[in-house]
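Report on one structure; see the data block that follows.
Just so we're on the same page: letters track the sequence lines, and every chain starts at 1.
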Amino acid sequence: MTKGNLNGDPIAAVGIAMLVNGKRIEAAVQPRTLLVDFLRNAARATGTRIGCEEGACGACTVELDGRTIKSCLTLAIQADGAAITTIEGVADGDLLDRVQRAFIECHAVQCGYCTSGMIMSVRAFLSEYEGRDFTDDDIRQAISGNYCRCTGYNNIIQAVNVAAGKASPPAHLDAGETPLDSWIGAPVVRREDERLVRGAGRYADNYGTQGDLHLAIARSERAHALIKSIDTSRAAALPGVELVLTGAQAQVHWQPISPTMDLAGQNLPRRHAIAVDKVVFYGEPVAIVVARDPYLAEDAARQIKVEYADLPVNTDSSLAVNVPAGSNALLYPNWQSNVQIEYPFEIGDVDTMFARAELVVDEEISSHRFGAMPMETRMVHADYNRAEQSLVVRASTQVPHQMRVYISQVFGIPESRIRIVVGDVGGGFGAKLGVDTELVPVLASVLLGRPVKWFESRSEWMSAGPGARDYKVRSRAAFDSSGHLLACETDVLADMGCDGSERAAGLGMPLNGGNYAPGPYVVDHYRTRVRCVVTNKGPYGAYRGYGKDLANMMMERVLDQAADRLEMDPLEIRRKNLLKSYPHQLCTGPIIENGSLAEALDRIVAMMDLPRLRDEQAAAFAAGRHIGICVVPYIEPAGATFPGSAFQNYESVTVRVAADGSVHVMTGIQNIGQGIETAYAQVTADLLGCHMRDVSISWGDTTAIPFGSGTFSSRGAMFAVGAIINAAEKVKQRMLLGAAVFLECAVADITISNSVITNSLSGKTCTLAELAYACYVQPGAEIILADADAPLLEANGTYRHPQVSWKFDELGRARFYPAHSGGAAAAMVEVDTETGQVDVKKIWMVADHGVILNPLILSGQIKGGIVQQLGGTLFESFEFDAKGIPCAKTMKDYGMPTVWAAPEIAIEHLVTKSPATSIGAKGGGEDGCIATTTVLMGAVEDALRAYGVKVMDGQLTPSKIRALIANSSAD
Amino acid sequence: MRPAPFSYSKPESLAQALHAIAGGAMPLAGGQSLIQAMRLRTQEPFAVVDINAVHELSDRIEITEHFVEIGALCTHRQLIESEVIRQEFPWLAKAALDLGDVQVRNRGTVLGNVCWADPRANMAVALLASNATISVTGTKTELIPITEFFTGFRATVLGPRLATSIRLIRNSNSIGTYLEFARQRQDLALCNVCVVHDDHGTCVSVGGIHQRPIRLSALERILNDPDSTIRDLHVQIQNTLSKPIFDPIIDHHGEPAYKLHLAAILIERAISACLKGGDRD
């Protein structure tokens with residue numbers, strides 16, 4: 001095929017016009033202008049979103065002349081004269097459409113990035129089926145072209161049924177309703193959803209100014225090579241190009257990437273965000289182009305020619321770990337090996353116990369590379385003002401304050417002159433904790449003194465976005481003949497790709513795995529070795545689960561083998577070894593403060609009606625079908641904090657009651673779809689005795705919020721809530737003092753409920769608004785708050801978890817995780833033994849997160865995590881060829897789970913109040929990702945019992961399962 | 001990523017469209033494969049000719065006494081909704097329903113899917129077993145049997161010509177089954193199979209095990225032999241697929257041997273389904 005028209009005659013713009021939501025929009029476009037760009041830019045219909053560039057994700061779905069289409073796979077010029085409806089055209093003014101309402105009531109929205117397209121598809125489906133009945137599979141058929149990364153789809157299916165009047169929504173409280181007793185625990189619908197279902201989410205790409213320049217990145221086409229030369233002349237000569245820069249040219253303008261963690265004894269690559277003289281992964285930035293529009297920038301970036309000298313490529317961690325010092329296969333020549341960190345730990349008398357054991361199970365277990373893959377890629381709008389020497393960055397990140405730190409470190413701009421603004425984030429899951437490529441548009445803006453925008457394409461994410469998991473493990477355990485666990489040992493080799501701590505924050509994951517493998521069991525003798533090895537793959541990022549998945553897999557897979565060999569019930573061997581008294585200090589140091597693991601195991605068995613399922617399984621087997629079941633306990637450590645990292649043991653909050661009585665809470669936790677606007681308002685309303693509608697939550701703007709650690713490790717329910725308690729108590733104290741003056745009684749006689757303050761002796765009342773006005777204005781603080789510690793109804797609060805200890809004890813143990821949720825998980829699968837395909841019938845979970853802040857949100861988090869991890873186990877994979885080139889170029893090829901992947905999920909909760917705060921909530925963001933792979937592996941193994949196969953590889957693809965069967969003696 | 005620059009025309013006559021194509025322009029109908037490839041910049045045509053306004057081309061399914069003729073602009077959705085297709089060629093409706101998703105089917109065309117000629121293209125595989133004939137216009141119009149249409153990986157005999165319609169022979173006795181194996185439903189198939197049985201015998205087409213969708217004529221001969229039994233069938237399928245003539249698609253979703261194994265299973269399942277009456281509306 002002839003190559004483009006780049007150097008031919010310039011292509012004239014063509015005037016087109018279309019009706020967008022009933023309004024005529026005209027613009028001159030290039031033939032190549034995509035409809036989605038026309039809608040977002042010319043029509044300012046920014047609710048239509050870009051999640052991929054292959055027509056897979058469906059976030060760009062709009063209606064064109066009455067039919068849903070993907071506006072990223074349609075040229076604007078093709079829609080000339082058409083009528084388009086976007087998400088903005090769905091609601092009738094204030095009145096939401098039935099689908100929008102149902103999405104809110106059913107908690108079918110989390111980060112909201114997919115929501116616009118999803119709602120467009122559902123509306124088309126419902127209008128097509130108007131007056132006709134339909135099944136859940138019809139719904140799946142209708143939305144299979146819309147990925148959702150957060151919800152796990154089940155709530156969306158429910159919302160469709162609710163919108164059609166076929167089902168009732170779950171028990172919920174609509175906005176404006178008041179709970180009977182407390183806000184905490186009430187199933188309040190999320191307040192963020194009103195904007196998200198309208199397509200009015202405030203994602204970074206919505207922001208833009210007339211003068212924006214656009215950045216494109218020329219990326220390495222080698223996985224490991226020296227850069228011999230770079231020819232940028234053709235790119236620089238293209239009209240509209242403002243800046244072309246190589247890594248070598250950029251080097252003098254900035255410092256290397258600022259690490260997210262630099263743990264004791266680890267190696268740092270110290271790389272610049274644009275490669276200087278060598279590349280270490282396919283897709284690493286080697287040069288940049290800044291141009292007038294993103295199309296031109298991309299054209300120019302593709303004109304940059306790089307000459308490489310190839311180096312040996314590492315794609316296998318078990319080989320990379322043995323590369324000797326001085327070899328040219330070392331990624332970083334100044335390191336002594338490819339090991340980024342090695343962590344050994346031993347306690348008790350492991351060898352003696354193994355020698356004494358009546359059964360030793362010794363297994364090699366592995367998990368492939370997959371990752372967070374949020375619907376929204378990374379996005380930066382950087383605006384450096386030369387006159388003021390100040391920088392404003394709008395970005396998609398989980399950690400605005402840490403981003404400020406990193407940028408200041410790299411550019412030497414004082415933090416006081418940097419403002420990071422983050423609105424809604426289209427999914428994070430750990431992948432937006434590091435700042436690497438985000439530095440590049442900042443550099444361009446600093447050099448040009450103009451606003452520069454970079455919106456990462458999905459292709460870029462596929463090679464340079466963070467991957468996770470990717471473990472090779474040897475797990476051994478020693479038992480006596482009755483199944484008592486005497487000792488265990490784990491040896492973890494984790495593939496960091498090019499780096500796990502500078503570009504991203506994955507380094508701690510395998511360390512966690514090693515530390516938490518004894519997990520929910522009583523183990524006194526334990527040895528682990530964790531080696532994190534760099535290879536020529538993209539960066540290794542934090543991902544929901546953060547090694548707790550590994551810990552669970554290493555222990556539970558071995559326990560199933562032990563049960564098998566001892567001919568014990570797999571539940572029996574677990575009950576026998578499960579920790580039953582709390583607090584319990586794990587042999588590796590962390591203290592499991594409390595919990596209900598044994599009860600969870602009993603509860604899940606009852607919930608599943610396991611004996612009945614076993615009968616079904618036997619009957620199915622007799623009929624030639626292969627069904628398998630697996631049940632395991634799990635723990636979910638939360639609130640991680642590591643010395644030498646951005647992950648600190650505090651959070652801070654400002655609580656402000658304004659003169660009109662409205663309450664404003666400013667938090668350092670970042671909204672990434674986890675419902676903080678709702679949950680924190682519930683907490684604050686209870687603490688101050690006001691109505692939830694009086695409370696507003698702000699986040700994400702570093703000039704407006706107190707310094708916070710950001711969103712990671714399921715910490716908000718303890719850390720932000722703890723800080724809110726701390727601040728609200730101070731404000732409440734002043735409110736009481738003020739009320740006593742205002743209502744002329746003693747503080748002890750004041751009661752506050754539902755924003756009404758009462759002198760319980762006289763019955764005299766005032767509203768919170770009246771009291772606040774009295775404090776601030778009339779008669780004023782010198783009268784009303786004369787006895788208070790400060791003359792205003794505003795306070796900062798911080799929270800620090802008392803259970804953290806960075807000091808190593810005499811046994812070499814620290815406590816980086818202060819808190820633990822936990823429970824039990826189970827799966828039932830059916831395996832097609834001819835094709836190897838696994839059909840997940842159902843997943844169950846019993847989870848204990850302490851006091852539940854909002855049951856809708858909590859169960860939504862769990863379901864979403866389950867389907868994410870299920871997707872990773874069954875479909876998703878970052879594969880690389882022998883040259884280190886990623887095999888999957890698109891989200892579809894990568895294997896993003898669609899609605900077809902979502903199994904039936906049943907969840908029950910236990911409540912053991914956390915000692916962390918007076919409210920007693922624990923972290924709840926990651927459960928679904930912890931045990932799902934383990935139970936799927938176990939269930940597949942159970943289904944294939946007749947073949948006698950062991951399932952020790954966590955990648956359950958049809959070809960691999962089929963190979964297991966084909967290689968078994970029974971096939 | 002976004003497409004490289006190209007010039008665009010939207011002619012109203014076939015002659016103009018063919019002129020553009022002769023000059024090297026790529027035809028654009030639904031664009032669901034082409035625009036994706038242009039976005040990923042695996043295709044960088046310098047010119048694109050939008051054929052949607054060509055008055056000689058139709059989005060209709062014409063029904064005559066002996067034929068059903070699918071116009072070049074007929075979408076997958078229109079095919080699925082067509083009464084005659086659902087009644088007489090339900091396996092084609094099934095193949096279309098397993099393709100992409102609602103949005104893609106609303107826009108993508110049946111003929112476009114055939115001409116894109118991915119070896120796993122649902123419509124290519126399903127129409128191949130259906131003995132369709134493709135009407136191709138260049139300097140003259142020719143009817144090309146679909147069995148002669150595909151020449152290699154995403155390659156056809158078309159050249160600087162346009163496929164203007166695809167014709168099926170109506171046969172009230174025909175039965176057929178389309179089956180595919182994909183990691184998730186509606187994903188691009190790793191392997192897909194169509195078996196069609198009518199008065200003239202049984203046709204078997206397979207996608208994914210060769211660089212183009214293929215018919216298994218050796219197997220068809222056996223199936224059409226009145227003496228062969230179902231017991232033979234399993235062995236015959238294995239034999240057919242064990243010949244070293246196949247060149248399965250290489251990707252990271254399974255070894256070539258696994259794809260051939262899948263093909264064997266799907267063929268057996270599809271034949272078995274046909275014996276039970278095949279796909280139904």
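You'll find the side chain of Asp187(B) reaches within 4.5 Å of the side chain of Lys892(A), heavy atoms only. Side-chain contact between His261(B) and Thr835(A) is absent, with no heavy atoms from C-beta onward closer than 4.5 Å. The shortest distance between side-chain heavy atoms of Pro5(B) and Asp299(A) falls below 4.5 Å. Side-chain contact between Phe181(B) and Gln837(A): present, with at least one pair of heavy atoms (C-beta onward) separated by less than 4.5 Å. Within the 4.5 Å cutoff, the side chain of Leu28(B) has heavy atoms near those of the Gln78(A) side chain. Taking 4.5 Å as the limit, some side-chain heavy atom of His252(B) sits within range of a side-chain heavy atom of Asp893(A). Side-chain contact between Arg41(B) and Glu53(A): absent, with no pair of heavy atoms (C-beta onward) separated by less than 4.5 Å.
Salt-bridge check for Glu255(B) with Lys960(A): failed, with every basic side-chain N at 4.0 Å or more from each acidic carboxylate O.
Rounding to the nearest 0.5 angstrom, the gap separating the CD1 atom in Ile250(B) from the SG atom in Cys887(A) is 11.5 Å. Interatomic distance, CD1 of Ile265(B) versus CZ of Arg962(A), reported as 6.0 Å (0.5 Å rounding). Taking CG from Leu190(B) and OG from Ser959(A), the interatomic distance works out to 8.0 Å, rounded to the nearest 0.5 Å. Note that the CZ atom of Arg458(A) and the CE atom of Met1(B) stand 14.0 Å from one another [nearest 0.5 Å]. To the nearest 0.5 Å, atom CH2 of residue Trp900(A) and atom CG of residue Asp101(B) are 12.0 Å apart. To the nearest 0.5 Å, the span separating CD on Glu54(A) from CD on Gln32(B) amounts to 12.5 Å.
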Derivation of the salt bridge (Lys or Arg N to Asp or Glu O under 4.0 Å) call for Arg77(B) and Glu128(A): CA-CA 13 Å; Arg77(B) 183 195 186 96; Glu128(A) 190 177 335; 3.0 Å; yes

Test side-chain contact (heavy atoms from CB on, under 4.5 Å) applied to Arg39(B) and Cys72(A), step by step: CA-CA 9 Å; Arg39(B) 292 205 63 166; Cys72(A) 78; 3.1 Å; yes

Salt bridge (Lys or Arg N to Asp or Glu O under 4.0 Å) between Arg2(B) and Asp37(A), intermediate numbers included: CA-CA 10 Å; Arg2(B) 297 169 165 93; Asp37(A) 286 335; 3.0 Å; yes

Intermediate values then yes/no, side chain to side chain donor-acceptor pair (under 3.5 Å), Gln103(B) and Thr68(A): CA-CA 5 Å; Gln103(B) 298 96 310; Thr68(A) 49; 5.1 Å; no

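Taking His253(B), Met38(B), Arg269(B) one by one and counting their heavy-atom pairs under 4.5 Å with chain A, the maximum is reached by Arg269(B). Between chain A and the options Leu97(B), Leu188(B), Leu262(B), the largest number of non-hydrogen pairs under 4.5 Å is found for Leu97(B). Your options are Gln36(B), Arg105(B), Arg107(B), Gln184(B), and the one with the most heavy-atom pairs under 4.5 Å with chain A is Gln184(B).
There is no contact between Leu266(B) and chain A, counting heavy-atom distances below 4.5 Å. For Ala25(B), no part lies near chain A; criterion is any non-hydrogen pair under 4.5 Å. Using a 4.5 Å cut-off between heavy atoms, Glu460(A) makes no contact with chain B at all. There is no contact between Gln30(A) and chain B, counting heavy-atom distances below 4.5 Å. Heavy atoms of Thr74(A) lying under 4.5 Å from chain B belong to its backbone as well as its side chain. With a 4.5 Å cut-off on non-hydrogen atoms, Asp832(A) touches chain B through its side chain but not through its backbone. Both the backbone and the side chain of Leu75(A) come within contact range of chain B, each with at least one heavy atom under 4.5 Å from a heavy atom of that chain. Ala888(A) touches chain B through backbone and side chain together, each having a heavy atom under 4.5 Å away. Using a 4.5 Å cut-off between heavy atoms, Thr957(A) does not touch chain B at all. Using a 4.5 Å cut-off between heavy atoms, Glu63(A) makes no contact with chain B at all. Heavy-atom distances place the side chain of Asp50(B), and not its backbone, under 4.5 Å from chain A. Contact annotation for Arg183(B): both backbone and side-chain heavy atoms come within less than 4.5 Å of a heavy atom of chain A. Proximity to chain B is absent for every atom of Glu456(A), based on heavy atoms less than 4.5 angstrom apart. Proximity to chain B (any heavy atom under 4.5 Å) is restricted, for Leu34(A), to the side chain, taken from C-beta onward.
Here the shortest heavy-atom pairing between Leu40(B) and Ser459(A) reads CD2-OG, 3.8 Å.
Remark: the backbone N or O of Val14(A) is not paired with any side-chain donor or acceptor of Tyr8(B) at under 3.5 angstrom.
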